[in-house]
Q: 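This is the structure I have questions about; it appears just below.
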Amino acid sequence: MEIPKTYDPRQAEQEHYARWEAEGYFAPEINRDPAAPIFSIVIPPPNVTGSLHMGHALQHTLMDVMTRHKRMCGYRTLWLPGMDHAGISTQLMVNRELKKEGLSRHDLGREKFVERVWQWKHESGGQILNQMRREGASVDWSRERFTMDEGLSRAVREVFVRLYEEGLIYRGDRIVNWCPTDQTVLSDLEVDKTPQAGKLYYLQYPIKTADGTERRVTVATTRPETMLGDTGVAVNPKDERYRELVGATIELPLTNREIPLFADEYVDAEFGTGAVKVTPAHDPNDYEMGVRHNLQQVVVIDQHARMTEEAGADFFGLDRYKARELVVQKFEELGLLEKVSDYEFSISKCERCKTVIEPLISTQWFCRMTELRDRALELMRDKGEPRFTPEVPYTKVYTDWLENLRDWTISRQLWWGHQIPAWYDEQGNVYVARSEEEARTAAGTAELKQDPDVLDTWFSSQLWPFSTLGWPDETEDLKTFYPTSVLFTARDIIFLWVSRMVMAGLRFIGETPFHDVFITGTVLDKHGQRMSKTKLNGIDPLEVFDKYGVDATRLVLASVGSTDTRWNDNQVESYRNFANKIWNAARFCLMNSDGASVNPDAFKTENGTELPLHDRWILSRLNKTARDVDAALARYQFHEAVQTLYHFFWDDFCDWYIELTKADVTGEEVSPERDAARSRLVTVLEQALRLLHPFMPYITEELWQRLPGVDEQLLHSAYKGARPSIMLAAYPRAEAALIDERAEDKMAAVIDLISRVRNIRSELNVKPGDRVRVLVGAGEERAREVFSANRDQIARLARASEVSIGERLEAPRASARAVLGGGAEVAVPLEGLIDFAQERERLAREREKLQKEAAKLEAQLSNPQFAERAPAEKVSETRQRLSDIAQRTAALQQMAEALK
RNA sequence: AGGCACGUAUGUCAAUGGUAGACGGCUUCCCUUACAAGGAAGAGGUUGGGGGUUCGAAUCCCUCCGUGCCUACCA
């Protein structure tokens, strides 16, 4: 069996994925068991414009670990892939392309533009899906979906119509977040608030008085240009300073309008001058006040953020910032500019293009959320679903947000997306319908124009868990895979996406879309900064794959789980080394595998003979590992699962089991004993590979295929008939009967003895090649039996020429000594190497360590309240530990004496 | 401005109120025929500071310092 000395991930990565996909292993149909339990996940659809970043790689790894694990456990598993059409991003992307050709979307017209977007999508969209293949993601490509697919679009129209018919969707004039660059409305969630250093301008407004005396009221504002649209000034009703002015009329400068001064609770008397200029058409709060006080709405800024005709001849056509300068200048000339102060405030910007948002009044479609929201809150209250991991703080984040939910602006002034299924006749009557034909029938005319707006991208993504499964048809897939088992996603879309899916799922299917929600952590750069395109500090997962291999990267990502982690190549390197370790362990097993085969019966013995200790021990460790990994995955504790597997493989299997079996398996001569030992070795390896497979799919498959005796028999019964792959092998389940604490205790004693001798050798600089004599004194017969039974192995691993075991330690004066757990003692005679004073010091140091610990324990035990209040178990455990330490201390003392 | 988290070895992270660990890095020795991407041994911590609850605190409470995140309508 020729296999290279170092693991080269490339080859395995290239070979296996294509085969898995071609064999249909990813599709749920591979499972032939009609009674198989179901496990399903839908991918958070990445933007069609996106390319893979660490956040995706993290999510995908976790999803794949879960999916592969469940698949190996015999579940009928579906991990459904797909993409989001990503309205604004995609439109912007294609706009940019057009611009290079000197065109704008308006030159093409809507139809051609949309065609162009589709063309772009087919040619260069969805790179991310191919990148997912590299990750090893076991998604069912036969069920790939796109939010603009005909089926999903039908679901969107269906939902829109139903909600409209129930009165939950309505059209209305409202003040909205308007992006002057993208020319569309944005929801509150698509707006970034960024702190900004700005100015606060104090403007004086003259008050109209009966006798013509001059009185003024000062208002503070960050946006002087909006004063042209002021239709009132508000003060707090409790504010003494202005009490008598309430009801007064103000002569608004630069216009010939007169506006009222009124009182409203909203105004904070403490801030600024306590008087607020009110511009209902250009500020959301002012809009509300305007509604309350029946104020006029004067629109002075248009959709391009330029001043309108209403702003007056001096300002008409000016950019909003130019207008600001001019207003300030004119106030100054009129002597009405009181002062200007520096002021930091937060400003709303378009999440996509970073243009400052202009609040504008416009006609939009909205969705009332209260009713939908209440059902989601109920589900959380009654059933605790969805169950968030980590529970803190996300459960609260989710419910708090739902409680404060406002109506959702669902229309967008874009061309790329689901056009709103509403049609207007010439009189302006609206017909909401599933199709134009339906609308025509309802209207009784063919002269209809469809609403030009499209729906917010999230309107379609909220339906993802069921629209992808065929809804509104009652498909087999929908029945089988809905609700999905768990959702893996990032925390920034809990509101945008997670909550809306819950609401939509409850409303349209009557059931939660997923029972569990796992919120992934954030992968940060090494300075703790969020990775971003603009900062250019992102780490490309594909480069990491190239450098260290996919499997190693996946282990790091699985360990990240839900914590925010600074990316560190060292971690990947460490797991790359682990992959190499696995490779070489397997290499050793394969080099000694003639006459062996993977065989679950390899550990069975005839007529009740007991297996050697190390075999019973590794079985116990293996089963504990299976148990712990299973428990960790059930709690989504990926980090814990990885740690458990890492230590089992490296420490237990490589460092000890292989070493312990080495003599048995490397024999030149063919013998049944040798072959049996070899079979046990490859069988343990095979089990270990299965345990690792969900985390490290490539290397495990690569090695598994090379093991002697792997065949269909090893597959989970649900996959009988499939071509053998570790993907379909049964995930090892812990058998309680094989967990053997006594074997583990005995093995621990052997390991302890070997380690003590190695320690002595190292501290006394004994050359690795030099053999030493090992003398053991053990009072307990059981201990002596264990040591005797494993004498050869102890000799080999401690590089001893001889291991003699007696009831009492009898050693020459010139020996290095150590105390073992349980009170046994070991001595290594080292004539000529021992410096007596130094040796005494070494022993003294060790005794000191023990005494420190003993002092702690004694203090604890001498406290009467400890015995009284601590659980009895804890108390006796502490006593036990103390007496053990006492025994060892005494032994050390004696040893030191012997050296005098 | 409010709310919520977090602060553990030089770095990245673990630890149901019960002996603070892992990996990387570091030191010493070893290219021992699976693996130097390895082996053996070792150093390194008053768990951000201070206070409290408790028999017992990294863990629970208070406070200060520092760092993140989220939400929000102070013009």
Side-chain angles (χ1 to χ4, degrees), chain A residues 3 5-7 188 193 200-201 219-223 226 234 266-279 283-289 343 345-346 390 392-394 396-397 400-401 404 491-492 494-495 522 524 526 528 530 548 552 556 559-561 563-592 637 639-640 642-643 646-647 654-655 658-659 662 666 755 758-763 765-769 799 853 856-857 859-861 863-871 873-875 877-878 881:
Chain A
I3 101 170
K5 232 173 138 171
T6 352
Y7 171 55
D188 290 344
K193 308 261 183 169
L200 197 55
Y201 301 86
V219 295
T221 180
T222 54
R223 302 196 58 196
T226 62
Y266 161 76
V267 179
D268 177 0
E270 304 295 313
F271 188 87
T273 62
V276 187
K277 62 189 270 311
V278 182
T279 323
D283 182 282
N285 304 306
D286 294 4
Y287 176 84
E288 299 288 332
M289 274 197 281
Y343 181 62
F345 61 104
S346 63
V392 178
Y394 299 114
K396 200 164 144 37
V397 166
D400 281 358
W401 186 76
N404 298 309
R491 63 170 147 257
D492 51 348
I494 293 178
F495 308 142
T522 309
L524 307 165
K526 63 177 168 185
R530 196 175 265 276
Y548 299 104
V556 176
S559 301
V560 167
T563 46
D564 288 356
T565 307
R566 297 178 188 211
W567 187 263
N568 187 339
D569 268 6
N570 289 337
Q571 294 277 338
V572 204
E573 199 180 326
S574 154
Y575 285 125
R576 188 269 317 258
N577 294 351
F578 179 53
N580 197 53
K581 186 74 179 177
I582 295 171
W583 183 258
N584 278 294
R587 185 163 166 262
F588 172 80
C589 297
L590 291 171
M591 282 163 65
N592 297 286
Q637 298 295 310
H639 177 269
E640 206 177 305
V642 170
Q643 289 297 309
Y646 182 96
H647 290 294
C654 294
D655 287 354
I658 288 185
E659 296 304 330
K662 220 167 219 176
T666 53
S755 302
R758 284 173 172 174
N759 177 320
I760 287 168
R761 296 179 60 113
S762 177
E763 295 214 344
N765 288 320
V766 177
K767 288 219 172 63
R799 304 206 144 240
E853 206 187 328
K856 257 199 203 162
L857 297 173
Q860 205 171 4
L861 285 165
N863 183 343
Q865 287 176 318
F866 175 66
E868 233 169 82
R869 305 199 187 175
E873 195 188 88
K874 251 315 88 53
V875 178
E877 196 184 297
T878 310
R881 263 171 52 210

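The basis for the numbers below is simple: all heavy atoms, side chains too, and nothing from hydrogens, waters or symmetry mates. We name chains A, B, ... by the order of the sequence lines, and we start the count at 1 in each one. If you're wondering where the values come from, they're calculated on a predicted model, not measured in any experiment.
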Q: Between A:N765 and A:Y266, just flag the one whose closest nucleotide in RNA chain B comes earlier from the 5' side.
A: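 Looking at the nearest nucleotide for each, A:N765 comes out on the 5' side.
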Q: Between the main-chain N or O of A:T522 and the side-chain N or O of A:D564, is there a donor-acceptor pair closer than 3.5 Å?
A: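 Yes; at least one donor-acceptor contact below 3.5 Å.
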Q: Take the protein atom CH2 of A:W401 and the nucleotide atom C1' of B:G3, then report the distance between them rounded to whole Å.
A: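 Result: 17 Å.
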Q: Using atom CG of A:D400 as one end and atom C1' of B:G2 as the other, report the distance to the nearest whole Å.
A: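 Checked: the CG to C1' distance equals 12 Å.
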Q: Determine the interatomic distance between P on B:A41 and the same-named atom on B:C23; round to the nearest Å.
A: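 12 Å, rounded to whole Å.
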Q: Would you name the heavy atoms of A:A867 and A:V875 that are closest together and state the gap between them?
A: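 Nearest heavy atoms, A:A867 then A:V875: CA-CG2, 4.1 Å.
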Q: Only Watson-Crick and G-U wobble pairs, only distances under 3.5 Å, only runs of 3 or more: what stems does that leave for RNA chain B?
A: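 Expected stems, ordered by start: B:1-7 with B:65-71, B:11-13 with B:21-23, B:26-30 with B:38-42, B:48-52 with B:60-64.
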Q: Send over the distance from A:M591 CE to B:U33 P, rounded to a whole Å.
A: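 Distance, rounded to whole Å: 11 Å.
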Q: For A:Y646, check ring pair (Phe, Tyr, Trp, His ring centres under 6.0 Å) against everything at least two apart and list the hits.
A: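 With neighbours one apart ignored, the set is A:Y575, A:F578, A:W650.
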Q: Quick one: is A:Y343 getting a side-chain N or O under 4.0 Å of the B:A75 phosphate, OP1 or OP2?
A: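 Yes, A:Y343 has a side-chain N/O under 4.0 Å of OP1/OP2 on B:A75.
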Q: Taking any heavy-atom pair under 4.0 Å as a contact, classify A:V276: base, sugar-phosphate, or nothing.
A: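 The residue A:V276 makes base contact.
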Q: Just wondering, do A:Q860 and A:K856 contact through their side chains at under 4.5 Å, heavy atoms?
A: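 Not in contact.
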Q: Produce the list of close N/O pairs, under 3.5 Å, pairing protein atoms with atoms of nucleotides 35-41 of chain B; give distances to one decimal.
A:
from	atom 1	to	atom 2	distance (Å)
B:C35	O4'	A:N584	OD1	3.0
B:C35	O4'	A:N584	ND2	3.4
B:C35	O2'	A:N580	ND2	3.3
B:C35	O2'	A:N584	ND2	3.3
B:C35	O2	A:K581	NZ	3.0
B:C35	N3	A:K581	NZ	2.8
B:A37	O4'	A:N577	OD1	3.0
B:A37	O2'	A:N580	ND2	3.0
B:A37	N3	A:R576	NE	2.9
B:G38	OP1	A:N577	ND2	3.3
B:G38	O3'	A:K581	NZ	3.2
B:G39	OP1	A:K581	NZ	3.2
B:G39	OP1	A:W650	NE1	2.5
B:A41	O2'	A:S762	OG	3.2

Q: Could you tell me if the side chain of A:Y548 sits less than 4.5 Å from the side chain of A:V556, heavy atoms only?
A: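 Side-chain contact under 4.5 Å: no.
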Q: Across the strands shown, which category fits A:V267 at heavy-atom distances under 4.0 angstrom: base, sugar-phosphate, nothing?
A: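 Base, at least one base heavy atom under 4.0 Å.
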Q: Can you sort out the partners of A:R799 under side-chain contact (heavy atoms from CB on, under 4.5 Å), two or more places apart, ordered by chain and number?
A: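 Applying side-chain contact (heavy atoms from CB on, under 4.5 Å) to A:R799 gives A:R761, A:R771.
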Q: Does the side chain of A:I582 reach to within under 4.5 Å of the side chain of A:Y7, using non-hydrogen atoms?
A: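 When only atoms from C-beta onward are counted, A:Y7 and A:I582 do not touch, as no gap falls below 4.5 Å.
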Q: What's the CG-P distance between A:L590 and B:U33, to the nearest Å?
A: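 Spelled out: CG on A:L590 to P on B:U33 is 20 Å.
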Q: According to side-chain hydrogen bond (donor to acceptor under 3.5 Å, both in side chains), who are the partners of A:R758, at least two apart in sequence or on a separate chain?
A: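 With neighbours one apart ignored, the set is empty.
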Q: Whole angstrom is fine here: how far is it from CZ in A:R530 over to P in B:C69?
A: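 In whole Å, B:C69 P and A:R530 CZ are 7 Å from each other.
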Q: Taking B:A22 as the reference, what is the distance to B:A14 when you measure between their C1' atoms (whole Å, please)?
A: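 It works out to 7 Å between them.
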Q: Indicate for each nucleotide in nucleotides 16-22 of chain B, in 5' to 3' sequence, whether protein heavy atoms under 4.0 Å reach the base (B), only the sugar-phosphate (S), or nothing (-).
A: --BBS-S
Q: Say we look at B:A15 and B:A9: how far apart would their C1' atoms be, to the nearest angstrom?
A: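 Roughly 15 Å separates the two C1' atoms.
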Q: C1' atom, B:U19 versus B:C69: distance in rounded Å?
A: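 Looking at atom C1' only, B:U19 and B:C69 are 36 Å apart.
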Q: With C1' as the reference atom in both, quote the distance from B:G3 to B:G48 in angstrom, rounded to an integer.
A: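 These two C1' atoms come out 23 Å apart once rounded.
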Q: Got a sec, which residues hit salt bridge (charged side-chain N to carboxylate O under 4.0 Å, His left out) with A:E573, two or more places apart in sequence or on another chain?
A: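 Expected list: A:R576.
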Q: Considering residues at least two apart in sequence or located in another chain, which fulfil the side-chain contact (heavy atoms from CB on, under 4.5 Å) criterion with A:A585?
A: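 Partners of A:A585 under the side-chain contact (heavy atoms from CB on, under 4.5 Å) test: A:F649, A:F653, A:C654, A:I658.
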Q: Report yes if some heavy atom in the side chain of A:R587 is under 4.5 Å from a heavy atom in the side chain of A:L590; otherwise report no.
A: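 Not touching, per the 4.5 Å side-chain cut-off.
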Q: A:K396: what forms a side-chain contact (heavy atoms from CB on, under 4.5 Å) with it, not counting sequence neighbours?
A: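 With neighbours one apart ignored, the set is A:D400.
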Q: If the P atom of B:G49 is compared with that of B:C30, how far apart are they to the nearest Å?
A: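 So the two P atoms sit 41 Å from each other.
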Q: Quote, to the nearest angstrom, the C1' distance that separates B:U12 from B:G24.
A: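 That atom pair is separated by 8 Å.
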Q: How many whole angstroms separate atom CG of A:N568 from atom P of B:C13?
A: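 Those two atoms, CG and P, are 9 Å apart.
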Q: By the 4.0 Å heavy-atom rule, please label A:N570 as base, sugar-phosphate, or nothing.
A: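 The residue A:N570 makes sugar-phosphate contact but no base contact.
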Q: Calculate the interatomic distance between A:D492 atom CG and B:C70 atom P; express it in whole Å.
A: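 The distance from CG of A:D492 to P of B:C70 comes to 8 Å, rounded to the nearest Å.
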Q: Expressed in angstrom and rounded to an integer, what is the separation of A:W567 atom CH2 from B:C13 atom C1'?
A: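 Checked: the CH2 to C1' distance equals 14 Å.
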Q: To check you understand the geometry: which heavy-atom pair defines the closest contact between A:K277 and A:V219, and what is its length?
A: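 Taking every non-hydrogen atom into account, N-CG1, 3.8 Å.
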Q: Is there a side-chain contact between A:E288 and A:Y266 (heavy atoms, below 4.5 Å)?
A: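 Not in contact.
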Q: Checking A:V397 now: which residues fulfil side-chain contact (heavy atoms from CB on, under 4.5 Å) with it, not counting sequence neighbours?
A: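 A:V397 satisfies side-chain contact (heavy atoms from CB on, under 4.5 Å) with A:P393, A:F495 only.
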Q: Show me the protein contacts with nucleotides 43-45 of chain B, counting only N or O atoms at under 3.5 Å.
A:
none

Q: Under 4.0 angstrom, heavy atoms only, what part of the nucleic acid is A:C654 near: base, sugar-phosphate, or nothing?
A: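 Answer is base: heavy atoms of A:C654 come under 4.0 Å of a base.
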Q: Which of these nucleotides, B:C4, B:A75, B:A34, is closest to any side-chain atom of A:P393?
A: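 Given the options B:C4, B:A75, B:A34, the side chain of A:P393 is closest to B:C4.
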Q: Between B:G45 and B:G7, how far apart are the C1' atoms? Round to whole Å, please.
A: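 These two C1' atoms come out 15 Å apart once rounded.
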Q: OP1 or OP2 of B:A14 less than 4.0 angstrom from a side-chain nitrogen or oxygen of A:T563, does that happen here?
A: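 Answer is yes, contact under 4.0 Å.
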Q: Using side-chain hydrogen bond (donor to acceptor under 3.5 Å, both in side chains) as the criterion, list what pairs up with A:E659, not counting sequence neighbours.
A: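 side-chain hydrogen bond (donor to acceptor under 3.5 Å, both in side chains) list for A:E659, sorted by chain: A:K662.
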